[in-house]
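This report concerns only the one structure given below.
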Amino acid sequence: MSYEITNMIIDDDFDSEEYVTAEFIHDQTNYSITFKKADLEIINAWVYKDGTSLPANLSDTMIESIRDDIKKRI
């Protein structure tokens, strides 16, 4: 399983929750996935196709791999 994280945004301006969003490319398709920063619980995932965003159906293996990468980076 290969992907490349192209951007990571840490939203820490919220009073209650902080979030981490990772944008990545997998199979020449752009995705983004957002986690709660505190426990890296997944909030949402999007796939970008033809100028629109749709909910992404990512495998548990892919989500865990990205979560591990994010842990290393923050």
Quick one: are [X] and [Y] in side-chain contact, heavy atoms under 4.5 Å?
| X | Y | answer |
| --- | --- | --- |
| T34 | I42 | no |
| E18 | F35 | no |
| Y31 | I25 | no |
| I33 | L58 | yes |
| I5 | E23 | no |

Show me the donor-acceptor pairs, under 3.5 Å and distance only, between side chains in residues 66-74 and residues at least two apart or in other chains.
unit_1: R67; atom_1: NE; unit_2: L40; atom_2: O; d: 2.8
unit_1: R67; atom_1: NH1; unit_2: E64; atom_2: OE2; d: 2.3
unit_1: R67; atom_1: NH2; unit_2: L40; atom_2: O; d: 3.1
unit_1: D69; atom_1: OD2; unit_2: Y3; atom_2: OH; d: 2.6

With [X] via side chain to side chain contact (heavy atoms under 4.5 Å, CB included) - residues at least two apart:
| X | result |
| --- | --- |
| T61 | M1, S59 |
| E41 | K36, D39 |
| N57 | none |

Side-chain donor-acceptor contacts of residues 47-56 below 3.5 Å, not counting sequence neighbours, with atom names and distances?
unit_1: Y48; atom_1: OH; unit_2: S32; atom_2: OG; d: 3.0
unit_1: T52; atom_1: OG1; unit_2: K49; atom_2: O; d: 2.9

Q) Around D60, counting heavy atoms of other residues, nucleotides and ligands shown, do more than 12 lie under 6.0 Å from its CG? A) no
Q) With the 4.5 Å side-chain cut-off for hydrophobic clustering, are W46 and I43 part of the same group? A)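 No, separate clusters.
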**Q.** Expected output: side-chain H26 to main-chain S2 donor-acceptor under 3.5 Å
**A.** yes
Q | Side chain T29, main chain D27, donor-acceptor under 3.5 Å | A |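 Indeed, once roles are kept as given, a pair shorter than 3.5 Å links the two residues.
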